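Below is one structure, written out as structure tokens; comments come after it.
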Amino acid sequence: MLSYEDALKIILTDVRPPATQTVSPSNALGHIAAEKIVGTENVPPFHNSAMDGYAVKSEAVHGANLNDPVILKVDGSTMAGDSPSKGGSGAWEIMTGAPVPDAYDAVIRVEDTLILEKNNQDRPTKISVMAEGFPGKNVRKAGTDFCPGDILLEKGDQITPHHIMALAALGQYNIPVSVAPKAAVISTGKELVDDIDQALLPGQIRNSNTPYLVQSLTSYGITATNEGTIFDEPEKFEQKIQDVLSKDIQIILSSGAVSMGRYDFVPDGLKNMGAEILFHKAAIRPGKPIVFARFPNGTAYFGLPGNPIASAVGLRFFAYPLIRKMRGMDPESHTTAILKNTFSKESLFRFFQKAHCYHDDDGRLIVDILPGQESFKIKPMLKQNCWAVVPEYGLSLDAGSMVDIYPLYPDLGIGGF
Ligand code: AMP
Ligand code: MG
């Protein structure tokens, strides 16, 4: 059976590079940089004061202290937002962020001065300086944060609020980002009830996959539409696919109807609609019957098995890698943790397990593979804060072994990693 790695290779083959658009910093959150962004400005743009106080010539207050203050006349005042002034021969009142006049090379904070005289507008005209100055004291030099040529974003970086502060500070108002693919979600199953106000009849269950898939994609920055439920009628499925293919959708995800049952019509329906089935089944648990197909127009199709955890694994470990590539992102990296309890599995498949990780008293990252790994069991997800991925080889892992762990969603730091 096809290994996970080979399945991923198939999914990631022939992916078109993303189209690009430009966004401003206020709309950039979560977008993926389509190019390297290099700053062209100095930040700060001018020498400015780090303190409220008095700009001075440092040599004029050399050695000043509480017992031996230096008396200076005050020649003027600059507040933040004022244009730079030349200054004078004595001291100059200055506020935090105001440009330091050319004549001075240091700022003495207001707490280290005393006003000796004021004019009739209540402005200081003579001060006593009780702390010494040195060149550069309390002066934030132009370009000491950013200077032209600094890299703000590498191509493929996902833009966070941290980047946004830098982009805004540097006046980067047109940021080239990739256009994210849009997704459609379809559920299948005659047993499903979508209407939350409807009581369940015998044999019915509530549809949990559609809300999960749509909201997971949304939280990952992907516009995902709920295309409704097919109550196991193949003709309706084909009509639905026809309808979705006519929209601006690049990825379709369905849940259910991909196994060996009499009503597992998705693979045949896809073929009837002209899709090429690139694989059906992979050597994984849960979610073995997963289908991946492509339509002639390039639309990718993930036929996820209906069991809720099989669907979640299909989204997390098959669809998200494609979405990352379609957005121009690098493949995700992962970390490892120490397995808490011995783990055994019944086949040489790759196992994607609901897991909880935490730091022990010695600061080591421990992972606990949770009880209740059956693919219909949703409750362990409430305790889950990561996925543990157990490789194909071997049927057991001893407590204390290193296990690969992945955050619930790519790039979402969890459990302190
Ligand atoms: P299937 O893959 O269609 O054979 O479905 C496998 C199992 O998942 C069955 O027990 C279904 O009832 C269940 N299932 C299918 N679709 C959903 C869904 N959207 N929400 C919750 N459970 C589902
Ligand atoms: Mg079904």
Side-chain angles (χ1 to χ4, degrees), residues 1-2 7 183-219 222 224-241 244 249 251-273 275 277 279-293 301-320 347 349 351-354 372-382 384 408:
M1 198 176 301
L2 188 70
V185 172
I186 302 168
S187 272
T188 70
K190 196 173 95 155
E191 71 279 29
L192 299 178
V193 172
D194 285 304
D195 181 355
I196 49 166
D197 294 326
Q198 193 180 316
L200 294 182
L201 297 173
Q204 292 186 322
I205 61 164
R206 298 192 192 286
N207 182 352
S208 53
N209 288 347
T210 291
Y212 176 82
L213 294 169
V214 170
Q215 302 296 314
S216 296
L217 288 157
T218 306
S219 76
I222 300 299
T225 51
N226 172 3
E227 296 291 338
T229 297
I230 301 296
F231 297 102
D232 288 342
E233 296 151 304
E235 326 74 60
K236 296 246 168 86
F237 174 69
E238 291 177 24
Q239 280 163 21
K240 177 61 74 185
I241 295 299
V244 174
I249 298 282
I251 300 177
I252 306 173
L253 301 107
S254 67
S255 83
V258 290
S259 313
M260 301 303 287
R262 182 135 46 100
Y263 296 98
D264 291 335
F265 52 84
V266 163
D268 283 343
L270 292 174
K271 279 183 225 155
N272 290 343
M273 298 307 294
I277 310 279
F279 65 80
H280 185 183
K281 291 196 178 74
I284 60 157
R285 279 265 191 280
K288 179 180 78 169
I290 187 167
V291 170
F292 179 66
Y301 190 101
F302 291 94
L304 311 175
N307 275 304
I309 312 310
S311 251
V313 164
L315 175 70
R316 175 65 183 85
F317 293 100
F318 291 76
Y320 279 150
S347 67
F349 282 2
F351 277 55
F352 298 94
Q353 304 288 273
K354 293 164 260 188
Q373 290 296 333
E374 295 94 325
S375 62
F376 73 94
K377 283 192 176 163
I378 298 169
K379 192 159 76 179
M381 289 177 89
L382 302 176
Q384 181 184 2
L408 296 184

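Order of appearance sets the numbers: ligands from 1, and atoms from 1 within every ligand. Note that the numbering runs from 1 along the sequence shown for the chain. None of these values were measured; they are calculated from a predicted model.
Remark: aromatic rings of Phe302 and Phe318 are distant, center separation not under 6.0 Å.
Judged as a salt bridge (charged side-chain N to carboxylate O under 4.0 Å, His left out), the pairs with a partner in residues 306-316 (not counting sequence neighbours) are, in order, Arg316-Glu332. Judged as a salt bridge (charged side-chain N to carboxylate O under 4.0 Å, His left out), the pairs with a partner in residues 256-269 (not counting sequence neighbours) are, in order, Asp268-Lys271.
Closest of all the heavy-atom pairs between Gln198 and Arg206 is O-NH1, 3.1 Å.
Note on ring orientation: taking the six-membered ring where Trp is involved, the planes of Phe237 and Tyr301 are perpendicular (angle over 60°, cut-offs 30° and 60°).
When heavy-atom distances to ligand 1 are checked against 4.0 Å, the residues falling inside are Ser187, Thr188, Glu191, Leu192, Ile205, Arg206, Asn207, Ser208, Asn209, Ser255, Gly256, Ala257, Pro305, Gly306, Asn307, ordered by chain and number.
Scored by the salt bridge (charged side-chain N to carboxylate O under 4.0 Å, His left out) test, Glu233 finds Lys236 as partners (sequence neighbours excluded).
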